[in-house]
Amino acid sequence: MSFSFLFVEWLGTPLWMWSSFFVLVIAILSFDLGILHRQDKEIGVGESVMLSGLYVTLGLAFGGWVWWYLGSDAGLAYLTGFVVEKTLALDNVFVIALIFSFFAVPPIYQHRVLFWGVLGVLVLRAIMIGVGAMLVAEFAWVLYIFAAFLIITGIKMLIVKEAEPDLSKNVLFRFMRNRFNITDEHHGERFFVKKTNPGTGQASWFITPLFMALVMVEVADVIFALDSVPAIFAITTDPFIVYTSNVFAILGLRALYFALAAMIHRFRYLKPALAIVLIFIGSKIFVADLLGLEKFPAAFSLVITFAIIGAGVVWSLVKTRDQQRQSARPGLQRRTPLAKEQQGNRYDF
């Protein structure tokens, strides 16, 4: 049997590298769900930190292999993309915590939502990165649009003060509530439940708040990807490096969520650093053109990115060191968000 097809290139990388990466990711997720979290349980901060450390180690080890096999430029691009994606994901943690609080998701089931959320992210990011790669390959000027978008986004983050979103007014939430049967209460780990519809008297399928939370988490990631995907393409246009660095950063995010959700208030001053990182990454392509460089040096890019993020983290920790921990952990508060504002049939959505 011939295995020559494994050496056929897809998006500039041999199929055996793509297939090996996907096998590795499937093995990691299987180990996580099948062994570490076979049963639903609440994940503490200590376990969250250890799991995150494991995922970061795996991500860096893969980056070491990229450096060894594909060269130092590819290795630096992977590491820069990994760090940027990991840092940008901190904003995502805040939104996920807000979603869990809004839907009153019990701590014991939050890992389930995040796990299935990651599977959806792998597919959605693959589609977005694939489309981006084809656009960049076909129209090189698209990179300048990505770069300008990052600069504008970063400037907006610096000058516009964002208010905490009101999920009860979210368009998607209202659409699902008005179009589908939705239960007010949770039903364990189930995303769907069959029960009698008070309106018809017949058995019908209902969506649980757990599935609503999953949908909102997936949509939130798509929104955040509008920043992170152009950011990584501004670092490298190699689809393999773009996708693998994204995936390893996201895999670790799920594990780190439970630790970050308990101390997200300590990083309130990190957003300006994230904005500066976006501006820096977006401006690199223009700076390289002005200096007559083929591309901005990868080593300088990594060092500058680390310096900006490190300064943001240190400044945040220093400014919040005297603040007492919030009385309730973000994302773990209990309330019933699905009750209608006006009295009436609770199932009449």
Side-chain angles (χ1 to χ4, degrees), residues 6-37 48-90 92-93 114-115 117-130 132-133 221 224-225 228-229 231-257 259-260 277 281 298-299 301-303 305-306 309-310:
L6 292 175
F7 294 91
V8 175
E9 290 193 351
W10 181 61
L11 294 178
T13 302
L15 282 177
W16 73 265
M17 291 178 62
W18 284 107
S19 57
S20 298
F21 169 73
F22 284 119
V23 168
L24 177 60
V25 171
I26 292 172
I28 292 172
L29 292 176
S30 300
F31 176 75
D32 189 327
L33 187 65
I35 298 178
L36 296 180
H37 301 99
S48 173
V49 171
M50 288 190 294
L51 282 175
S52 180
L54 173 62
Y55 276 110
V56 169
T57 300
L58 290 172
L60 293 178
F62 187 85
W65 176 84
V66 168
W67 190 305
W68 171 77
Y69 190 79
L70 297 178
S72 59
D73 284 348
L76 287 170
Y78 171 91
L79 185 56
T80 306
F82 180 80
V83 171
V84 169
E85 176 64 30
K86 200 80 168 175
T87 308
L88 290 174
L90 290 177
N92 211 350
V93 168
L114 292 172
F115 178 85
V118 165
L119 291 183
V121 168
L122 298 182
V123 176
L124 292 173
R125 289 292 175 98
I127 295 173
M128 296 180 72
I129 290 172
D221 180 76
F224 277 99
S228 61
V229 171
I232 190 67
F233 270 111
I235 295 169
T236 176
T237 56
D238 185 334
F240 184 76
I241 303 299
V242 172
Y243 187 63
T244 55
S245 61
N246 255 252
V247 168
F248 270 110
I250 292 169
L251 286 176
L253 171 65
R254 188 187 72 257
L256 189 58
Y257 165 79
L260 288 179
V277 166
I281 293 175
S301 178
L302 179 60
V303 170
T305 301
F306 259 120
I309 293 172

Output the distance between atom [atom1] ([X]) and atom [atom2] ([Y]), rounded to the nearest 0.5 Å.
X: L251; Y: L58; atom1: CG; atom2: CG; result: 9.0 Å
X: I241; Y: T80; atom1: CD1; atom2: OG1; result: 11.0 Å
X: L122; Y: D221; atom1: CG; atom2: CG; result: 9.5 Å
X: I250; Y: N246; atom1: CD1; atom2: CG; result: 5.0 Å
X: E85; Y: I232; atom1: CD; atom2: CD1; result: 7.5 Å
X: L119; Y: L124; atom1: CG; atom2: CG; result: 11.0 Å

Donor-acceptor check, side chain of [X] to backbone of [Y], threshold 3.5 angstrom: yes or no?
X: Y243; Y: W18; result: no
X: T237; Y: F233; result: no
X: Y78; Y: G59; result: yes

What are the two closest non-hydrogen atoms of [X] and [Y], and how far apart are they?
X: V83; Y: F306; result: CG2-CZ, 3.6 Å
X: F240; Y: T13; result: CB-OG1, 3.3 Å
X: A234; Y: I281; result: CB-CG2, 3.5 Å
X: I235; Y: A77; result: CG2-O, 3.9 Å
X: A231; Y: V84; result: CB-CG1, 4.4 Å

Just do the side-chain contact (heavy atoms from CB on, under 4.5 Å) check on D238 and V242 with the steps written out, would you?
-> CA-CA 6 Å; D238 185 334; V242 172; 5.6 Å; no
Report yes if the side chains of V56 and K86 come closer than 4.5 Å at any heavy-atom pair, otherwise no.
-> yes
Please test R125 against V229 for side-chain contact (heavy atoms from CB on, under 4.5 Å), starting from the C-alpha separation and ending with a verdict.
-> CA-CA 8 Å; R125 289 292 175 98; V229 171; 4.3 Å; yes
Could you give me the CA-CA distance, side-chain angles and deciding distance for Y55 and F248, then say whether ring pair (Phe, Tyr, Trp, His ring centres under 6.0 Å) is met?
-> CA-CA 7 Å; Y55 276 110; F248 270 110; 8.5 Å; no
side-chain contact (heavy atoms from CB on, under 4.5 Å) assessment of S301 paired with T305 | CA-CA 6 Å; S301 178; T305 301; 4.3 Å; yes
Got more than 12 heavy atoms from elsewhere within 6.0 Å of CH2, W65?
-> yes
I would like to know whether M17 and V66 meet side-chain contact (heavy atoms from CB on, under 4.5 Å); could you show each step before the answer?
-> CA-CA 10 Å; M17 291 178 62; V66 168; over 6 Å; no
What do the steps show when you test F82 against W67 for ring pair (Phe, Tyr, Trp, His ring centres under 6.0 Å), and what is the final call?
-> CA-CA 13 Å; F82 180 80; W67 190 305; over 10 Å; no
